[in-house]
Amino acid sequence: MAMKIAKSALAAALAGGLLLGTAQAYEAGDWLLRGGIYGVFPKSDNLTLGPGAKLDVDDGYSFGFNVTYMATPNIGIELLAAWPFSHDISLSGAGTVGETKHLPPTLSVQYHFLPTSNIRPYAGLGLNFTTFFDTDAKGALRGSSLKLENSWGVAVQLGIDIDVAPNWFINADLRYISIETDAKLNGVKIGTVEIDPVVFGLNIGTRF
């Protein structure tokens with residue numbers, strides 16, 4: 001589902017850019033600001049507790065934004081931030097047993113392949129820090145203490161900027177982020193939750 005949404009949005013962005021875009025070449029010293037809607041799509045079966053007992057973290061959506069400094073026309077340094085994402089946590093056979101919020105700031109180095117074109121694809125590699133908060137037990141675990149530890153992991157990125165007006169562009173952003181967090185129930189570690197999501201964003205951006 002996440003990949004279908006990403007492909008459809010990217011196709012629409014490309015069509016819009018081809019119709020409206022005029023090239024605005026990136027230069028060393030440029031700042032790029034992008035903001036839009038992001039979806040976080042965790043992988044399935046995030047933690048196996050035993051035969052037939054698996055924890056799953058559901059999808060989350062929020063407003064995200066990033067700032068990129070172009071060190072050269074090809075090399076950019078980007079910081080990703082967002083409003084908190086909220087996720088339900090379910091246990092097979094028991095329904096929703098918890099909920100949590102997280103923030104995923106990510107620092108990446110990008111390579112922009114066509115800095116003088118009106119369609120500018122790029123790839124990035126970075127480091128993610130995810131902090132979890134407001135984690136509560138619900139349903140079958142109501143009354144228990146549920147905690148998710150913070151996570152550090154690698155992030156890889158593919159994106160594209162498409163000019164639509166002088167110094168304005170639309171952006172599609174696809175990432176894989178390694179997020180693995182130790183889960184504790186009533187202070188006892190019950191396992192490592194492997195979230196490892198695909199993250200997709202569709203943004204409006206400006207250059208200054």
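All figures in this text were calculated on a predicted structure; none of them were measured in a lab.
Across all non-hydrogen atoms, the minimal contact from A28 to A71 is CB-O, 3.6 Å. Closest non-hydrogen pair, P84 versus S62, comes out as O-OG, 3.2 Å. In terms of heavy-atom proximity, L185 sits nearest to S144 at CD1-CB, 3.7 Å. The shortest non-hydrogen separation linking A155 to I177 is CB-CG1, 3.9 Å. Between A25 and D30 the shortest heavy-atom distance is O-OD2, 4.1 Å. Scanning both residues, L103 and W83, for their nearest heavy atoms gives CD2-C, 3.7 Å.
F169 meets the ring pair (Phe, Tyr, Trp, His ring centres under 6.0 Å) test with no other residue; sequence neighbours excluded.
Inter-residue side-chain proximity for F132 and K147 is flagged as unmet; no heavy-atom pair is nearer than 4.5 Å. Looking at L107 and I77, their side chains come closer than 4.5 Å, going by heavy atoms from C-beta outward. In this structure, the side chains of L114 and I119 stay at 4.5 Å or more apart for every pair of heavy atoms. You'll find the side chain of L32 stays beyond 4.5 Å of the side chain of E78, heavy atoms only. Here the side chains of D59 and P42 are in contact, with some heavy-atom distance below 4.5 Å. In this structure the side chain of V40 never reaches within 4.5 angstrom of the side chain of I179, judged on heavy atoms. The shortest distance between side-chain heavy atoms of L146 and T100 does not fall below 4.5 Å. Side-chain contact between D88 and E99 is present, with heavy atoms from C-beta onward closer than 4.5 Å.
Between F41 and Y61, the angle of the ring planes goes over 60°, which puts this pair in the perpendicular group of the 30/60° scheme. Relative ring orientation between Y69 and W31 is described as tilted, the plane-to-plane angle lying within the 30° to 60° band.
Taking OG of S145 as the reference point, atom CG of N186 lies at 6.0 Å (rounded to 0.5 Å). In this structure, the separation between CG on L148 and CZ on F133 is 12.0 Å, given to the nearest 0.5 Å. Distance check, rounded to the nearest 0.5 Å: CG of L80 to CZ of R175 gives 4.5 Å. For the atom pair Y111 OH and T72 OG1, the distance stands at 8.0 Å (nearest 0.5 Å). For the atom pair CZ of R120 and CD of Q110, the computed distance is 12.0 Å after rounding to the nearest 0.5 Å. Once rounded to the nearest 0.5 Å, the distance linking CG of L202 with CD1 of I170 reads 7.0 Å.
Put simply, M70 and V67 are part of two different groups of oily side chains (I, L, V, M, F, W, Y) that touch within less than 4.5 Å, one to the next. L158 and V198 fall into different hydrophobic clusters, where Ile, Leu, Val, Met, Phe, Trp and Tyr are joined by side-chain heavy atoms under 4.5 Å apart, directly or via other members. Residue V154 is grouped with residue Y176 when hydrophobic side chains (ILVMFWY) are merged at heavy-atom distances under 4.5 angstrom, including chains of intermediate members. Residues F113 and V109 are members of one and the same hydrophobic cluster, defined by side-chain heavy-atom contacts under 4.5 angstrom among Ile, Leu, Val, Met, Phe, Trp and Tyr. In the hydrophobic clustering of ILVMFWY residues, with side-chain heavy atoms under 4.5 Å counting as a link, V57 and L141 come out together.
When ring centroids are compared, Y38 and F65 stay outside the 6.0 Å threshold.
Atom CD1 of I190 has more than 12 neighbouring heavy atoms from other residues, nucleotides or ligands inside a 6.0 Å radius.
Looking at H87, its side chain does come within 3.5 Å of a backbone N or O of D58 through a donor-acceptor pair. At distances below 3.5 Å, not a single donor-acceptor pair connects side-chain atoms of T181 with backbone N or O atoms of S151.
For the residue pair T192 and D182, a side-chain donor N or O sits within less than 3.5 Å of a side-chain acceptor on the partner. Using modelled atom types and a 3.5 Å distance limit, the side chains of N171 and N203 yield a donor-acceptor pair. In the model, T131 has a side-chain atom that pairs as donor or acceptor with a side-chain atom of N150 under 3.5 Å.
The hydrophobic cluster containing L127 also includes F129, W152, under a criterion of side-chain heavy atoms closer than 4.5 Å among ILVMFWY residues, counted directly or through chains of members.
Just one residue in the list T130, N66, N128 forms a side chain to side chain donor-acceptor pair (under 3.5 Å) with T106, and that residue is N128.
Comment: K138 does not engage D136 in a salt bridge, judged by the lack of any side-chain N to carboxylate O separation of less than 4.0 angstrom.
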